[in-house]
Amino acid sequence: MLPWLLSPYHAIVNRLSANRLHHALLLTGTEGIGKMQLAERLANIMLCKLPAEHQPCQQCQSCQLFAAGTHPDFHMLQSERQIGVDLVRESIAKLSRTSQLSGNKVLIIPAAETMTEAAANALLKTLEEPTANTYLILVTHQLSRILPTILSRCEKHALPTPTTQQSLEWLRQQGMEVTEAQLQAYAYAPLKVQSSLSEPGGVQYADFITGLESIIAGNTDETQFAGNWQEEAKRIVGWCQHYIHRQYIRNQKQSALAVYNECIKALVHLQNPGVNKKLVLSTLLAQFSHLDLT
Ligand SMILES: [Zn+2]
């Protein structure tokens, strides 16, 4: 378990073992701190036949099925876009069946804020009167977008954001030496840093900075970088935005502010599915060339 989530994890599991846990949990907190890891570990222990010392046994049939991703009483309500009413009804129907392993049934709803109003309304009844031995775990990083009717029927757990020190230490344990500036580039979300750095062939932040600074110095043609970086255009624009924002804070130059606005425009263009990413990037990077930041 992620060290900064140990305390909420233990608090929830204590109540689970005492049979005093609410059947509907809402896990909230900023992005990239491990909310889904916590939700899945909770589901694992809720389904385990022989949990001991706050941990699922990882031996029983239930734990083995869970690890294989084939547990018949474990459901995940996921959607590429919004979560619509049909998906919710489908999940409720699954939950209303008798548990196949004669234990608990668990439904996780990641990105619960993406439920449509109709979907949320369809879920209300289950939240009020759940079938026996059923747990629902809603996960969101946008608490304000959860309907009050849903909120009032769940037990809310606001998960802590790790301190910079905790994040850097944890990343080091994962074999990733990261600076505070890098962590900051990922909005202090250690799991975002981890997934970005462990992505095969992904652009490294340090390489990006080297590239961008050589563009600013006028030593490199930006189109080459635009070509190399186009597969990760959104992330690159996010880094550009962060970089220029820091420059603006430092020197208050209008030229920096203008480039910052160009970053926002580029992000808007990238929302368009058919967009030429290389062109968007090279147009933006050209704004950085010969940018006077001194
Ligand atoms: Zn087990």
Side-chain angles (χ1 to χ4, degrees), residues 1-29 32-79 83 87-88 90-112 123 126-127 129-141 153-160 162 166 169-171 173-175 190-191 194-195 198:
M1 179 52 55
L2 299 160
W4 54 90
L5 295 183
L6 266 180
S7 161
Y9 172 74
H10 283 156
I12 295 172
V13 172
N14 273 335
R15 306 212 3 254
L16 175 72
S17 358
N19 248 327
R20 286 194 295 115
L21 187 62
H22 197 275
H23 62 270
L25 306 178
L26 178 72
L27 307 182
T28 176
I33 59 164
K35 294 183 296 299
M36 276 305 290
Q37 275 195 31
L38 177 66
E40 287 181 24
R41 175 51 74 98
L42 288 171
N44 191 177
I45 197 163
M46 284 162 174
L47 295 165
C48 174
K49 298 285 184 186
L50 294 162
E53 292 175 11
H54 285 103
Q55 300 300 337
C57 74
Q58 307 297 8
Q59 307 280 325
C60 71
Q61 186 197 10
S62 199
C63 281
Q64 286 177 16
L65 288 168
F66 188 84
T70 52
H71 199 297
D73 299 318
F74 173 63
H75 311 287
M76 185 90 86
L77 207 175
Q78 251 168 334
S79 171
I83 298 176
L87 268 179
V88 168
E90 207 176 284
S91 299
I92 293 173
K94 285 179 195 160
L95 286 179
S96 64
R97 293 181 210 137
T98 318
S99 154
Q100 298 199 39
L101 293 189
S102 20
N104 289 325
K105 293 170 283 182
V106 183
L107 171 68
I108 296 183
I109 308 182
L123 191 67
T126 309
L127 288 175
E129 303 161 19
T131 44
N133 306 321
T134 300
Y135 288 102
L136 286 94
I137 307 176
L138 283 69
V139 181
T140 185
H141 65 275
R153 286 162 178 84
C154 295
E155 181 179 287
K156 193 182 94 183
H157 291 268
L159 303 174
Q166 277 176 321
E169 177 59 29
W170 178 77
L171 285 162
Q173 285 165 6
Q174 314 306 308
L191 274 78
Q194 187 201 28
S195 70
S198 48

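Residue numbers start at 1 and run along the sequence shown. In listed order, ligands and their atoms are each counted from 1. Keep in mind the model is a prediction, meaning the values are calculated, not measured.
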- Query: Which pairs pass side chain to side chain donor-acceptor pair (under 3.5 Å) with one or both residues in residues 8-20, sequence neighbours excluded?
  - Reply: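 Counting only pairs at least two positions apart or across chains, the side chain to side chain donor-acceptor pair (under 3.5 Å) contacts touching residues 8-20 are Asn14-His54, Arg15-Glu155.
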- Task: For side chain to side chain contact (heavy atoms under 4.5 Å, CB included), just list the numbers for Leu95 and Val106, CA-CA rounded to whole Å, side-chain angles, deciding distance to a tenth of an Å, and then say yes or no.
- Result: CA-CA 8 Å; Leu95 286 179; Val106 183; over 6 Å; no
- Indicate the atoms forming the closest heavy-atom contact of Gly103 with Asn133, along with that distance.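 For Gly103 and Asn133, the tightest heavy-atom pair comes out as O-CB, 3.8 Å.
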- side-chain contact (heavy atoms from CB on, under 4.5 Å), paired with Asn44, selected from Ser62, Cys57, Cys63: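 Between Asn44 and the candidates, side-chain contact (heavy atoms from CB on, under 4.5 Å) is satisfied uniquely by Cys63.
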- Message: So, applying side-chain contact (heavy atoms from CB on, under 4.5 Å) with Leu159, which one of Leu2, Leu27, Val139 is it?
- Response: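 Answer to the side-chain contact (heavy atoms from CB on, under 4.5 Å) test with Leu159 among Leu2, Leu27, Val139: Leu27.
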- Item | the Zn ion (ligand 1) neighbourhood, protein N/O/S only, threshold under 2.8 Å |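 Listed by chain and number, the atoms are Cys48 SG, Cys57 SG, Cys60 SG, Cys63 SG.
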- Check the side chains of Ser102 and Ser99 for a donor-acceptor pair under 3.5 angstrom, ignoring hydrogens and angles.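 There is no such pair between these side chains.
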